[in-house]
Amino acid sequence: MFNVFKNHPKISLCLSAILIISIWLLTKGSAFNKPIIPFQKTFKTIKEKQLTLASKAIEKPKTSINKDSQDDNINNLFYEKEAKARLIQISSSFAKDIIYPENSKPIRNLDELNKYTPNQSSASSRATDIKNPQSPRLSIKASKHQYFSGESIIADANIEGLSSLQSVNVSGHLLQAGKIIANATIQRDTDKPTSYQLSFTSLAAAVVNDSNTFRLVAQFNIDQQQYEIGTGIRYTSSVANLNYVGEAFINEAYLHIPIFINTTNAGYHLVSANLYDAKSEKPLVHLSEEKELLSQNDFVELKAHFSALKAMGHEGPYEIRDILLTRMPSRPNYVTEYGLAEKKHYSVNGFPFSDYEDIPYTDDATQERLEFLHQLGESP
């Protein structure tokens, strides 16, 4: 080893210098130790302050979190009670509804009748001056939304808010793809001087393409100023016709009403209608039934359950109205098509309630849903 130092004087010189500096630092370390001590203290102080601030920062959110947590618990408690009350209310309503078959529902009020009445149109209205709600108001409403080839299209147009000094002239048009294809015959309502009936007849020749969507427009000329209002309708060919309604008969708890249909498009057809009391014309039961028609002449049986008839308190005779014939979508086009019932109502014979078998209606699947709702509403 000494030979190494002897042979390498530069290494010996460097090691000697390092040794001298180390001894000097140990004996004269105050020049370096003085800055070190304050730095340690400062570091310790800063660290303590940081820990204090961090603990305070942690403590504040902890209090806030606890407070929010209490509010959330209260809110959740009320929410759970409200949700359970709502579930109990739904299950109660559901329990009253499932005692009747889905295809035989009592019509207990006007809202239900409106829900079960097909092919209804909606009125369109607007002010003549959109910036002035008090200006005269126009409206138009078709007699129904869908018409079939050969039927006359009828609509009522009305204007309200005119002064007695203003003059009015009304015309009407039927538009297809933005083009006028027919002009309306206008007839003024003698009972309502501000109402006008628009009618369109012999439209088959006027239809120029396969589109069945049309726009019915009424044009009001008020003191040489023109205003328009329109509404959409459908005009299409019928794929089925109701031929006649057969003799009704009882089978256990059901009143069966055969509906005989002629169709140009076999497949699944849905028939829906509302059963009325023939004497009072009171709506009683909504009926619907779907069946695959395999030939051009076939029938579908509507079935009114005894429980629904008894709930409405009428043994007949009856009438069926608000009839809708629907050909369900199928390959290759998957298009919903419709059929036509030429008469507005058909007579249906009735029977005494004592002739029916008083068998309550039950369905396992709906009963399971009811039990599940009960469990949700009553669970802790």
Side-chain angles (χ1 to χ4, degrees), residues 100-122 141-154 212 233-249 254-293 295-305 308-309 312 314 316-329 335-350:
Y100 310 108
E102 194 62 35
N103 59 357
S104 178
K105 295 291 188 183
I107 304 174
R108 290 161 290 204
N109 51 55
L110 183 60
D111 289 338
E112 290 182 350
L113 177 61
N114 288 333
K115 180 176 70 174
Y116 295 134
T117 302
N119 202 10
Q120 296 186 75
S121 64
S122 56
K141 187 176 187 294
S143 59
K144 56 184 181 178
H145 176 66
Q146 177 165 276
Y147 296 85
F148 294 99
S149 298
E151 286 189 304
S152 296
I153 297 174
I154 298 173
N212 54 21
I233 62 168
R234 286 173 56 87
Y235 187 80
T236 186
S237 299
S238 170
V239 299
N241 290 82
L242 194 160
N243 283 344
Y244 65 96
V245 175
E247 188 81 9
F249 62 93
Y254 286 92
L255 176 68
H256 288 240
I257 307 170
I259 309 295
F260 289 86
I261 297 171
N262 174 267
T263 180
T264 58
N265 196 356
Y268 280 94
H269 285 248
L270 172 68
V271 179
S272 65
N274 293 328
L275 190 70
Y276 286 73
D277 177 52
K279 296 178 182 178
S280 66
E281 298 186 349
K282 177 185 177 181
L284 303 174
V285 182
H286 175 68
L287 306 173
S288 63
E289 194 67 41
E290 183 180 333
K291 178 185 174 183
E292 184 179 12
L293 304 185
S295 63
Q296 290 187 346
N297 293 284
D298 208 335
F299 68 94
V300 175
E301 283 185 354
L302 297 177
K303 298 185 283 289
H305 195 269
L309 294 172
M312 300 308 296
H314 291 270
Y318 306 108
E319 286 182 351
I320 58 169
R321 304 183 181 184
D322 311 323
I323 302 165
L324 180 63
L325 308 180
T326 306
R327 204 275 184 183
M328 309 304 288
V335 175
T336 302
E337 299 173 296
Y338 297 93
L340 175 64
E342 295 181 356
K343 294 169 62 176
K344 290 186 176 180
H345 52 83
Y346 297 81
S347 298
V348 175
N349 52 302

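Note that the coordinates shown come from a computational prediction; the quantities given were computed from them, not determined experimentally.
- Put simply, the side chain of Tyr254 reaches to within 4.5 Å of the side chain of Pro101, judged on heavy atoms.
- For Arg327 (side chain) and Ala266 (main-chain N/O), a donor-acceptor pair under 3.5 Å exists by modelled atom type.
- Contact annotation: the side chain of Tyr346 never approaches that of Ile259 to less than 4.5 Å [non-hydrogen atoms, C-beta and beyond].
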Output, in order, the C-alpha distance, side-chain angles, deciding distance and verdict of side chain to side chain contact (heavy atoms under 4.5 Å, CB included) for Leu275 and Met312. CA-CA 11 Å; Leu275 190 70; Met312 300 308 296; over 6 Å; no
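- Counting heavy atoms from C-beta outward, Glu247 and Pro258 have side chains that stay 4.5 Å or more apart.
- Salt-bridge formation is not detected for the pair Lys291/Glu301: no Lys NZ or Arg NE/NH1/NH2 atom is positioned less than 4.0 Å from an Asp or Glu carboxylate oxygen.
- In this structure a side-chain-to-backbone donor-acceptor pair under 3.5 Å is present from Glu112 to Arg108.
- Side-chain contact between His269 and Leu325: absent, with no pair of heavy atoms (C-beta onward) separated by less than 4.5 Å.
- By the 6.0 Å contact criterion, CD on Glu342 is open, its count of non-hydrogen atoms from other residues, nucleotides or ligands being 12 or less.
- For the atom pair NZ of Lys115 and NZ of Lys105, the computed distance is 8.5 Å after rounding to the nearest 0.5 Å.
- Of the residues listed (Asn114, Leu284, Asn274, Val285), the one engaging Ile107 in a side chain to side chain contact (heavy atoms under 4.5 Å, CB included) is Asn274, and it is the only one.
- Atoms CD and OG, on Glu102 and Ser288 in that order, are 7.5 Å from each other to the nearest 0.5 Å.
- The nearest pair of heavy atoms linking Asp298 to Glu292 is OD2-O, 4.3 Å.
- Rounding to the nearest 0.5 angstrom, the gap separating the CD atom in Gln120 from the NZ atom in Lys141 is 7.0 Å.
- Residues Asp277 and Pro317 share a closest heavy-atom pair of OD1-O, 3.6 Å.
- Side chains of Asn119 and Leu324 form no contact here, defined as non-hydrogen atoms less than 4.5 Å apart.
- Looking at Asn103 and Glu289, their side chains do bring a donor and an acceptor atom within 3.5 Å of each other.
- Summarising the geometry, atom OG1 belonging to Thr264 is positioned 8.5 Å from atom CG belonging to Asn241; distances are rounded to the nearest 0.5 Å.
- In this structure, CD1 in Ile320 is found 9.5 Å from NZ in Lys343, a value given to the nearest 0.5 Å.
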Working note: Val300 + Ile261, criterion side chain to side chain contact (heavy atoms under 4.5 Å, CB included); need CA distance, chi angles, decisive distance, verdict. CA-CA 8 Å; Val300 175; Ile261 297 171; 4.1 Å; yes
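- Below 30°, between 30° and 60°, or above 60°: for Phe260 and Phe299 the angle between ring planes is between 30° and 60°, a tilted geometry.
- Heavy-atom minimum distance, Ala248 versus Asn349: N-OD1, 3.0 Å.
- Listed here is the closest heavy atom pair of Ser121 and His145: CB-N, 3.9 Å.
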Going through the distances and angles, do Tyr235 and Ser149 end up as a side chain to side chain contact (heavy atoms under 4.5 Å, CB included)? CA-CA 7 Å; Tyr235 187 80; Ser149 298; 4.3 Å; yes
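- Side-chain atoms of Asn297 and Asn243, non-hydrogen and from C-beta on, do get closer than 4.5 Å to each other.
- Distance check: Leu255 CG to Tyr318 OH gives 6.5 Å after rounding to the nearest 0.5 Å.
- Asp322 places a side-chain heavy atom less than 4.5 Å from the side chain of Leu113.
- Not one N or O on the side chain of Ser238 forms a donor-acceptor pair closer than 3.5 Å with the backbone of Phe148.
- For the pair Ser104 and Lys303, the minimum side-chain heavy-atom distance is 4.5 Å or more.
- Between the Thr263 side chain and the Asn265 main chain, a donor and an acceptor come within less than 3.5 Å of each other.
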Step by step, work out the side chain to side chain contact (heavy atoms under 4.5 Å, CB included) result for Glu281 and His345. CA-CA 11 Å; Glu281 298 186 349; His345 52 83; over 6 Å; no
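- No more than 12 heavy-atom neighbours from other residues, nucleotides or ligands sit within 6.0 angstrom of OH on Tyr268.
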